[in-house]
Amino acid sequence: MAASFEKPIKSLYFKSYYSLGSIQARFSLQQFAWLLMTLLLQISLILLFTTYADHYRCFFIPLRQEQQLQRVPPAMASPVARQCNSGLVYVYELPPMFNKELLENCDSLDPWNSRCSALSNRGFGPVANSLADIIPRDLTPTWYWTDMFAGEVIYHDRISNYKCRTFRPELATAFYIPFYAGIAVGRFLFTNYSAEERDWHGEKLNQWLQNQSYWKKSNGSNHFIMLGRMTWDFRRTKDEDWGSSFLNMVAIENVHRLSVERSPWDNSEISVPYPTGFHPRSNSDIHQWQRFIRRRKRKNLYTFVGGKRKLKNDFRTLLLNHCYNESDSCKLVDCSRVPCNSGTSKILEAFLDSNFCLQPRGDAYTRRSMFDCMLAGSIPVLFWERSIRGQYEWFLTDEPESFSVFIDRNEVRNGTSIRKVLEGYNGEEIRRMREKVISSIPRFLYSDGVGNVHGDAFDIAIGGVLRRLKEKTRFQALQKTKTHDIMKNTINSLQNHPRFWLLAAFLFIQALVLAITRSSPFSIFTNTPNSPILTSPRVPFRGKLDSNLSIPNHKEDASTNSDCLQGRVFVYDLPPMFNKELVLKGCEDLDPWKWQCGIVTNDGYGKEAGELAGILPENLISGWYRTNQFSLELIFHYRILNHKCRTLDPEAATAFYIPFYAGMARDWHCKMMLNWMNNQTYWRKNNGSDHFLTLGRITWDFRRLTDPEKLWGSSFLDMPEMQRVRRFTIETALGLDNDISIPYPSGFHPHSKSQLQQWQNFVRERPRTSLFTFVGAAREKADFRSLLLSYCYNESDSCRVVDCALTLCNNGSSASLEAFLSSHFCLQPKGDSYTRKAVFDCMVAGTIPVFFWKRTAYDQYQWFLPGDPKSYSVFIDQEEVRNGKSIRKILEGYSEEEVRKMRDKVIETIPNIVYARPLEEGLSESERFTDAFDIAVDGVMEKIREEKEWAGNEVVQEMEAELN
């Protein structure tokens with residue numbers, strides 16, 4: 001699916017053009033002349049040296065891989081080191097003010113209650129003797145009333161006795177900082193303390209660390225720490241905001257963090273499970289507990305443990321009321337009546353007696369209660385994807401649907417019955433999910449650290465950090481050795497070069513020129529407020545995004561539009577180098593050898609598909625275009641400039657759209673664009689968290705690794721400024737809430753609702769002569785597409801084949817559409833990545849997709865496709881096909897009525913997956929419909945509005961009220 005980036009010749013021209021203008025603006029005519037002379041001297045130097053091409057080439061001959069590996073420092077040779085394959089950890093002996101004294105002053109850690117009991121017993125808290133009547137008696141000593149924020153004490157105790165601890169820092173792979181950051185800031189969170197008081201301990205540690213020799217060696221990049229509270233409690237950016245600014249301090253920037261909730265945009269953070277109350281002494285304790293909960297008879301369908309909050313539209317209150325009304329199915333523990341925080345047996349008893357447990361978000365997205373629930377063998381029901389996606393990857397399976405149920409909270413607010421959803425799971429499905437929950441218990445609990453339990457959450461976390469740092473150290477050593485050898489070879493070659501002294505003379509002249517100009521030419525590419533190319537006022541373009549790419553302004557400000565319930569959007573007027581000038585000109589139709597061709601035409605929709613005249617009714621041809629699969633950046637730009645909720649006043653905006661064509665850019669475009677954004681007032685207000693953009697390619701094309709040998713794509717999404725920006729993309733990375741998957745553009749772009757309905761009627765009534773079709777080409781020998789192609793050739797009486805090695809499918813061929821229109825089912829293997837445009841081409845034709853990987857559609861496009869995959873598609877595991885399962889027999893097993901129902905669901909979905917092209921200025925409201933663009937923009941606007949509301953002070957006020 002994804003095509004290779006060609007060398008951006010046009011981009012190089014634009015870069016040179018704007019750089020020249022910037023130089024002229026910064027230097028006098030005399031200085032400018034000197035700089036030109038310097039450039040001419042450099043060109044002459046290159047020409048002289050390239051006359052000895054063979055000699056010159058030897059400067060940069062890389063070492064053989066095996067030679068490089070031999071030069072990496074050998075592994076530690078001590079007996080202990082041989083047992084610890086991932087390396088050793090050194091634990092700092094911090095001044096007691098950072099840990100020991102905090103525990104000694106436990107009476108003053110909370111404004112309302114003593115924390116001494118909660119932090120006793122090495123962080124486990126008091127023994128939970130009151131559970132003796134609920135759990136097996138010989139397991140009672142393993143249960144404690146453990147505080148959810150006690151992780152810092154637990155990790156410090158465990159790592160102090162860790163088998164791979166070393167007291168010699170020179171042998172260490174990693175350095176642990178036993179600072180109780182969460183305990184230190186906890187006393188200052190709920191009362192009127194200043195920013196200085198909340199940061200005091202953190203600032204002192206910051207100063208102490210910067211004086212440590214081993215921190216200085218790596219700037220903290222081989223150090224790690226455990227944070228007992230959510231990451232958001234340590235990320236304050238303004239004095240008046242919540243929490244401390246600990247994670248923004250210099251000494252902590254490169255430090256790896258273990259946290260009970262991580263930021264999904266920070267690769268230095270690893271989320272670890274909240275501590276539960278069960279701390280087994282041995283593996284036999286774990287096995288006994290697993291047997292106990294596996295055999296437990298459960299009399300309730302589901303349970304909810306929680307209390308009301310004084311928040312507008314509080315979801316917990318909604319669940320509480322729901323459980324009161326469904327008391328025959330739901331076991332309720334109302335924490336406004338039961339002291340849940342003080343330790344009560346009612347919570348564990350409720351989880352043990354229920355098949356499912358409702359888990360809304362906590363103070364942040366995650367919640368300790370989810371682990372309490374799973375520990376009891378109950379299946380969690382989640383309402384926010386971020387409660388699990390992007391969290392706890394080292395500890396839980398990467399398929400949340402195998403051990404949990406997801407129900408979108410908006411569906412619940414709109415009347416979906418939780419009870420009916422859960423009653424839809426049969427006994428076997430519940431058994432499988434419970435077994436998955438029970439099997440994961442050893443990985444998310446914390447043992448007592450004294451017995452013989454191995455592989456608990458602590459071991460997994462520390463082992464994972466050590467492996468990560470060891471690999472990082474090994475890579476850096478390899479690169480350092482490689483660089484050293486290249487430089488050594490280069491210096492030796494230069495010294496032996498017959499024109500070495502000529503080179504020295506040129507360098508001396510260049511230094512002299514730089515001294516005269518008194519300015520380094522390298523500053524010309526920096527983005528300063530005086531840079532004419534980035535801040536000069538520009539008159540907005542008018543018209544539409546045609547082949548001239550003139551960009552319109554909306555004729556009406558949405559500030560007066562009462563239909564904009566989700567808020568209003570402001571569209572930045574970027575310098576044309578970031579959009580208009582990136583598009584390949586003079587290539588207005590699809591070209592199989594140039595992926596950029598056809599993007600520019602008709603506002604991104606492509607040329608009219610006149611070749612379909614022999615296939616489609618005359619009244620429908622006008623809605624069909626030869627659309628490039630990577631053109632969504634232009635389509636969204638055009639549509640959002642004409643959006644009914646666009647505002648020209650940034651003060652009135654809820655969200656901000658960045659019309660950057662990142663899919664056509666490389667790193668230097670991305671960096672310059674982000675430099676430009678950093679100078680914008682409304683970006684700086686929220687660090688881009690209320691901004692969004694469209695990426696016309698899959699997310700992986702923007703996540704290039706820092707390894708210089710990884711030349712594919714750009715590193716746009718790995719740049720720090722992009723970590724809070726939301727982005728539409730045709731394939732997302734799972735677990736990142738800021739990635740929002742949107743459908744690939746098909747060729748159908750209806751102009752009105754009536755044309756859409758005419759198309760739906762046409763595909764519904766279309767006679768279909770083939771059972772299934774496959775549109776694709778063979779690749780390497782073991783490729784699954786090759787297998788499907790061979791299969792279809794052998795089943796030619798049932799399968800219609802469009803072999804893209806013989807037919808240019810990506811050139812807008814009508815053969816693909818005709819095949820889809822003539823078949824009941826269409827086979828959809830993964831593309832170059834998991835997703836593929838053909839899925840949407842198939843569905844727009846009213847054909848039922850057959851998937852072989854769940855990630856091709858089921859984990860993507862949640863806003864656009866039906867919630868029940870079985871209602872519109874067929875899934876056959878690709879391994880079963882490889883092992884001989886017949887696709888034809890499976891599809892023949894569906895009755896005519898089942899096929900009709902699935903097709904109706906597909907046809908009903910078409911409005912959600914097409915991008916309309918309204919041509920008439922005054923199109924009546926009755927002729928408009930909600931398409932994929934509307935769903936995407938409305939959805940992201942709602943998310944941004946919700947987060948802005950959540951970020952208010954209501955949460956803090958409510959928590960204070962609860963504690964009082």
Side-chain angles (χ1 to χ4, degrees), residues 385 406 408 410-411 414 416 565-566 604-605 620 623-625 627 629 631-632 635-636 638-640 643-645 692 694 696 726 728-732 739-764 817 820 826 828 835-849 851 855-874 901-918 923 925-943:
E385 287 196 4
F406 177 74
D408 192 283
N410 291 320
E411 293 179 3
N414 292 330
T416 294
L565 300 178
Q566 307 300 346
Y605 292 98
L620 291 173
W624 277 87
Y625 297 80
T627 306
Q629 65 173 327
S631 64
L632 283 181
I635 292 174
F636 268 71
Y638 170 74
R639 288 289 301 276
I640 206 161
H643 194 256
K644 66 179 181 179
C645 295
F692 68 106
T694 304
R726 288 173 172 80
F728 298 133
T729 176
I730 49 181
E731 179 176 332
T732 65
D739 268 9
I740 300 161
S741 52
I742 56 176
Y744 286 79
S746 68
F748 182 47
H749 306 288
H751 305 316
S752 64
K753 186 175 183 179
S754 59
Q755 189 175 50
L756 170 69
Q757 291 172 340
Q758 289 168 11
W759 176 259
Q760 288 175 301
N761 292 333
F762 169 70
V763 297
R764 185 178 286 111
L817 177 60
F820 290 139
C826 56
Q828 295 298 336
T835 63
R836 98 192 268 249
K837 176 181 183 281
V839 171
F840 299 98
D841 294 334
C842 150
M843 293 182 68
V844 165
T847 311
I848 301 161
F851 297 119
R855 285 181 63 179
T856 302
Y858 302 158
D859 293 333
Q860 308 275 346
Y861 318 116
Q862 287 93 339
W863 292 0
F864 306 89
L865 299 179
D868 180 9
K870 294 178 183 177
S871 68
Y872 73 93
S873 67
V874 174
K901 284 182 178 177
M902 282 194 284
R903 175 172 296 112
D904 282 347
K905 180 59 76 171
V906 168
I907 294 171
E908 176 189 316
T909 305
I910 290 175
N912 297 353
I913 60 174
V914 297
Y915 297 93
R917 189 174 187 235
L923 196 66
E925 281 301 315
S926 62
E927 281 297 308
R928 298 182 184 277
F929 66 95
T930 301
D931 69 342
F933 170 84
D934 295 321
I935 293 170
V937 174
D938 289 350
V940 78
M941 295 280 287
E942 181 184 1
K943 286 169 78 79

If every non-hydrogen atom of [X] is compared with every non-hydrogen atom of [Y], which pair is closest and at what distance?
X	Y	answer
Asp931	Val914	CB-O, 3.3 Å
Gln860	Ser741	OE1-CB, 3.3 Å
Arg917	Tyr625	NH1-OH, 3.1 Å
Gln828	Pro849	CG-CB, 4.2 Å
Asn912	Ala932	O-CB, 3.3 Å

Once rounded to the nearest 0.5 Å, what's the spacing between atom [atom1] of [X] and atom [atom2] of [Y]?
X	Y	atom1	atom2	value
His751	Leu756	NE2	CG	12.0 Å
Cys645	Gln566	SG	CD	9.0 Å
Ile640	Ile635	CD1	CD1	13.5 Å
Leu632	Arg639	CG	CZ	11.0 Å
Gln760	Ile910	CD	CD1	5.5 Å
Met941	Leu565	CE	CG	10.5 Å

Under the 3.5 angstrom rule, does the side chain of [X] hit a backbone N or O of [Y] as a donor-acceptor pair?
X	Y	answer
Asn761	Gln758	no
His749	Gly623	no
Arg764	Arg903	no
Glu731	Thr835	yes

Close side-chain approach of [X] and [Y], heavy atoms under 4.5 Å:
X	Y	result
Ile742	Tyr915	yes
Thr930	Ile935	yes
Tyr858	Ser873	yes
Val763	Phe820	no
His643	Phe933	yes

For side-chain contact (heavy atoms from CB on, under 4.5 Å), just list the numbers for Ser754 and Glu927, CA-CA rounded to whole Å, side-chain angles, deciding distance to a tenth of an Å, and then say yes or no. CA-CA 6 Å; Ser754 59; Glu927 281 297 308; 2.9 Å; yes
So Phe840 and Tyr744, would you call those rings parallel, tilted or perpendicular, with 30° and 60° as cut-offs? tilted
Going by atom type alone, with no hydrogens or angles, which donor-acceptor pairs under 3.5 Å involve a side-chain atom of residues 861-869 and a protein atom two or more places apart or on another chain?
from, atom 1, to, atom 2, distance (Å)
Tyr861, OH, Ile730, O, 2.6
Gln862, NE2, Asp859, O, 3.3
Asp868, OD1, Lys870, N, 3.2

Residues that Phe728 engages under ring pair (Phe, Tyr, Trp, His ring centres under 6.0 Å), provided they are two or more places apart: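 Here the qualifying residues are Phe636, Phe692.
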Under the criterion side-chain contact (heavy atoms from CB on, under 4.5 Å), I'd like the reasoning laid out for Val839 against Phe851: C-alpha separation, chi angles, the key distance, then a yes or no. CA-CA 9 Å; Val839 171; Phe851 297 119; 3.8 Å; yes
Pick one: which of Phe762, Tyr605, Trp759 meets ring pair (Phe, Tyr, Trp, His ring centres under 6.0 Å) with Trp624? Trp759
Could you walk me through whether Asp934 and Arg928 pass the side-chain contact (heavy atoms from CB on, under 4.5 Å) check? CA-CA 11 Å; Asp934 295 321; Arg928 298 182 184 277; over 6 Å; no
What do the steps show when you test Leu817 against Asp841 for side-chain contact (heavy atoms from CB on, under 4.5 Å), and what is the final call? CA-CA 7 Å; Leu817 177 60; Asp841 294 334; over 6 Å; no
